[in-house]
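A, B, ... follow the sequence lines: proteins, then strands. Residue 1 opens every chain.
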Protein chains: 4
Amino acid sequence: MPKVGMEPVRKKQLIEATLEVMAEVGYHGTTISLISKRAGLSSGIISHYFGDKQGLIEATMRHLLEALKITQRIDDPLERIDFIIENNFSQTQGASSATNTWFNFWALSLHNEGLHRLQCINHKRLERNLAFSYRKLLKPEQVKNAAASTAALIDGYWLRYSMGSVGNGDFSEAVARCKQYVRDLVAQYGR
Amino acid sequence: MPKVGMEPVRKKQLIEATLEVMAEVGYHGTTISLISKRAGLSSGIISHYFGDKQGLIEATMRHLLEALKITQRIDDPLERIDFIIENNFSQTQGASSATNTWFNFWALSLHNEGLHRLQCINHKRLERNLAFSYRKLLKPEQVKNAAASTAALIDGYWLRYSMGSVGNGDFSEAVARCKQYVRDLVAQYGR
Amino acid sequence: MPKVGMEPVRKKQLIEATLEVMAEVGYHGTTISLISKRAGLSSGIISHYFGDKQGLIEATMRHLLEALKITQRIDDPLERIDFIIENNFSQTQGASSATNTWFNFWALSLHNEGLHRLQCINHKRLERNLAFSYRKLLKPEQVKNAAASTAALIDGYWLRYSMGSVGNGDFSEAVARCKQYVRDLVAQYGR
Amino acid sequence: MPKVGMEPVRKKQLIEATLEVMAEVGYHGTTISLISKRAGLSSGIISHYFGDKQGLIEATMRHLLEALKITQRIDDPLERIDFIIENNFSQTQGASSATNTWFNFWALSLHNEGLHRLQCINHKRLERNLAFSYRKLLKPEQVKNAAASTAALIDGYWLRYSMGSVGNGDFSEAVARCKQYVRDLVAQYGR
DNA sequence: TATGAATGAGCCTTCATTCAT
DNA sequence: TATGAATGAAGGCTCATTCAT
């Protein structure tokens, strides 16, 4: 009997290879051949486990979005918001930045039903998570606006720092500024 | 007898066709054939005027970034910031949104020296423009942070609204929230 | 403990699965994977029992040709010819017509020594069988021509009715016309 | 300006290359690469003129069916039937037999709407043509049967001789036997 | 200045075959 | 005896680029 239980192993291998290759050469340069070579596997394996290239790309994006979910439970609302901010910046601090990957996923989303839905869910989840904590900190009528603006601030900073236009390659300054914004909000609109 | 002085006309035709096609089918689906057909010209014309596809893409992005420059002179600092905000959202309000085009340009930037430089210049110009006005409104030590955060907020809102995750397809709510943020800053940190 | 004596069982399973799949999707769409799935077996089993795909295809065609052999003994010459006619049309009256399978086998035969020989043997056998009975019915000099024409008529009708160009999906009309032809021959050239 | 008026030339080149290649290696072995090489053109040219491989295959079959049409006008009914018979056998007497091509087209037809329709039209046209002449030769109630049987006889003989099971590589014997059949019919059922 | 026919490299995908178990 | 994970060659197709006109 052939090896069994390889599916999760192979899928992980391939998704990680995809992230690496996309980070290095961009979506446009990402080929089945490159991915499989990076994963140390054959090209045929991709259709075997993901149906086709599109399937692998979607699985990779799903994997990335999954990492943004908050699993920890934090009771203090301010602390929890801080954690959300950090979590959103921590993803791409590693050597092989997933920055470009994100840009490409955003671009792909606009012309792909499935990916677009995933993006929207993710966007809404972030606002919901922020609103949950803001409800304990701010006057009710300010909650929605605060959550939306904080989410936008996080994404905007992430975008600008990722582009390398500002900052020194790390996000610590961006994190600090986001946290400061939260405190400003509490100072001004706290209940 | 061949017409002379067609160069600027042809280039404009092709750049606009490129924007239209990219908005419709995404960068991935944008081909020389589609662009030239849209422009009502032959495919050979592109290499004639832009060298190759890459040259046309870069020229198109340069064209888009150019549109973000502020040409008007406004003296009142708050009014000027409002105008900057509006200007940044107004680009893509037309029927054929350039949203996807932007995402793709960002993605392309990370793997293209020339495009990347353009992006960075654009990012910095926005902050500089904002800082210029904030200097008249805020305490000196707050200016830099305010400019950076406002720029991030604009980009973040633009990103989230463009993705269609929130809002009703127009940016008016996003514009309002950005303007409110500016006023909050002035209220809190005004000189 | 592995089962023994499975060979004939497995081979039959696979040949029948091949006939079913070929009838449904054509030779061009017939894959190892489809056949083995239909047979409820693994893909590896085919090389195990038939060496390779080609081996299975050849065995399948051999199986089909085998079914055309006349095993019954019929003494009356006219009755025997009628039976031969019926036998040649009866093969594909089932729900899953083997029509397409036949076309493909013919096509394959022309580029495959072994299959070609089988086809020729089959063709000649039909004429020989017809000639055997015609010898009792017709003048000697007419036998060869009668056998050849009857065989051609059978194949021609079968081809045209199979293609669906004429008839209502069943061969009864074709059978009747072939039989009529035989009677015409006897009436005209009977000894 | 590029060369113009090449379309019909190129299409003819490619269709003839397709017939040659199919005759030599069978449909299964017929590749875009082989065809274009044979035509002395590049592989891309096929999609340029025929959309895709399927388009070329259909055009090739259409071309073959076209050759079966009767363009000459012949008044004498018996002579006209003789001509029809000859015409149906003459197609593949050349060096590069289109025999295998026909088998493959039949097979393909059963799983392809467009090709199937073409085949049926062709089948019916042959019977119609034969019936047209038989009407002047036979009693009315015999016409339909005679036309159907003659058509079947032609196809059947063609099939068997093409397969090489009988005859010496040429169809003259088959032609003679078909003509004899027509005369038998007239002798027996003439008006 | 402008065309578009023609090219061919490179991509994704399919699928017969192999082989460790 | 039987599996099916894994391979990789080969195919069709796309498309940026070239070039004769």
Side-chain angles (χ1 to χ4, degrees), chain A residues 1-7 9-10 28-37 40-49 51-56, chain B residues 1-7 9-10 28-37 41-56, chain C residues 1-7 9-10 29-37 41-56, chain D residues 1-7 9-10 28-37 40-56:
Chain A
M1 271 226 282
K3 271 178 280 185
V4 290
M6 295 307 286
E7 181 161 338
V9 178
R10 293 287 178 249
H28 192 243
T30 299
T31 64
I32 290 280
S33 162
L34 236 38
I35 294 171
S36 55
K37 215 162 280 169
L41 295 164
S42 72
S43 65
I45 204 74
I46 286 174
S47 71
H48 190 275
Y49 281 120
D52 56 9
K53 190 190 181 184
Q54 181 68 8
L56 173 56
Chain B
M1 209 165 37
K3 280 177 253 179
V4 290
M6 294 306 288
E7 183 161 338
V9 178
R10 294 287 180 247
H28 192 243
T30 299
T31 64
I32 290 280
S33 161
L34 236 39
I35 294 170
S36 55
K37 212 163 282 167
L41 297 165
S42 73
S43 64
I45 202 80
I46 286 172
S47 69
H48 193 278
Y49 281 120
F50 295 97
D52 57 10
K53 189 189 182 184
Q54 182 68 9
L56 172 55
Chain C
M1 210 164 38
K3 280 179 252 180
V4 291
M6 295 306 287
E7 182 161 337
V9 178
R10 294 288 179 247
T30 299
T31 64
I32 290 281
S33 161
L34 235 40
I35 294 171
S36 55
K37 213 163 281 168
L41 296 165
S42 73
S43 64
I45 202 80
I46 287 172
S47 71
H48 192 278
Y49 281 121
F50 294 96
D52 56 9
K53 189 189 181 184
Q54 183 67 10
L56 172 56
Chain D
M1 270 225 285
K3 270 177 279 186
V4 289
M6 295 308 287
E7 181 161 338
V9 178
R10 295 285 178 250
H28 192 244
T30 299
T31 65
I32 290 278
S33 162
L34 235 39
I35 295 171
S36 54
K37 214 162 279 169
L41 296 165
S42 72
S43 65
I45 204 74
I46 287 175
S47 71
H48 190 275
Y49 282 119
F50 295 97
D52 57 8
K53 190 190 181 184
Q54 180 68 9
L56 172 56

Enquirer: Rounded to the nearest Å, what distance is computed from the CG atom of residue A:Leu56 to the P atom of nucleotide E:dC11?
Expert: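 To the nearest whole Å, that distance equals 16 Å.
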Enquirer: Considering just the side-chain nitrogens and oxygens of C:Arg10, establish if one lies under 4.0 Å of OP1 or OP2 belonging to F:dA2.
Expert: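 Result: yes.
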Enquirer: Starting at NZ of B:Lys37 and ending at P of E:dA5, how long is that distance when rounded to a whole Å?
Expert: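 B:Lys37 atom NZ is separated from E:dA5 atom P by 11 Å.
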Enquirer: When every nucleotide of nucleotides 9-14 of chain F is labelled 5' to 3' by its protein contacts under 4.0 Å (heavy atoms), B for base, S for sugar-phosphate only, - for none, what sequence of letters results?
Expert: B-SSSB
Enquirer: CD1 of C:Ile45 versus P of E:dA16: gap in Å, rounded?
Expert: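 In whole Å, E:dA16 P and C:Ile45 CD1 are 16 Å from each other.
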Enquirer: Distance-only criterion, 3.5 Å: show the donor-acceptor pairs between side-chain atoms of residues 44-52 of chain C and protein atoms not counting sequence neighbours.
Expert:
residue, atom, partner, partner atom, Å
C:Ser47, OG, C:Gly44, O, 3.1
C:Asp52, OD1, C:Gln54, N, 3.4
C:Asp52, OD1, C:Gly55, N, 3.0

Enquirer: Search all heavy atoms of C:Lys53 against all heavy atoms of C:Thr30 and return the closest pair with its distance.
Expert: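 Looking at all heavy atoms of both residues, the closest pair is NZ-O, 2.9 Å.
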Enquirer: Determine: side-chain N/O of A:Ser42 to OP1/OP2 of F:dT7, distance under 4.0 Å, yes or no.
Expert: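 So the side-chain polar atoms of A:Ser42 do come within 4.0 Å of the phosphate oxygens OP1 or OP2 of F:dT7, strictly under.
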Enquirer: Has C:His48 got a side-chain N or O lying under 4.0 Å from the OP1 or OP2 atom of F:dA2?
Expert: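 So the side chain of C:His48 is outside the cut-off, no N or O lying under 4.0 Å from OP1 or OP2 of F:dA2.
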Enquirer: Rounding to an integer number of Å, can you tell me how far D:Leu41 CG sits from E:dA5 C1'?
Expert: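 Going from D:Leu41 (CG) to E:dA5 (C1'), I get 11 Å.
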Enquirer: Going by heavy atoms in the side chains, are A:Ser43 and A:Ser36 under 4.5 Å from each other?
Expert: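 A:Ser43 reaches A:Ser36 side chain to side chain.
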Enquirer: Quickly work out the A:Met6 CE to E:dC19 P distance and round it to whole Å.
Expert: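 About 18 Å, once rounded to whole Å.
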Enquirer: Quickly work out the B:Phe50 CZ to F:dA16 P distance and round it to whole Å.
Expert: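 The distance from CZ of B:Phe50 to P of F:dA16 comes to 15 Å, rounded to the nearest Å.
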Enquirer: Could you tell me whether the phosphate oxygens of E:dT1, OP1 or OP2, come under 4.0 Å of any side-chain nitrogen or oxygen in B:Tyr49?
Expert: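 B:Tyr49 to E:dT1 OP1/OP2: no side-chain N or O under 4.0 Å.
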Enquirer: Please map the stems of DNA chain F, keeping only stretches of three or more Watson-Crick or G-U wobble pairs with both distances under 3.5 angstrom.
Expert: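 Paired runs of 3+ in DNA chain F: E:2-21 with F:2-21.
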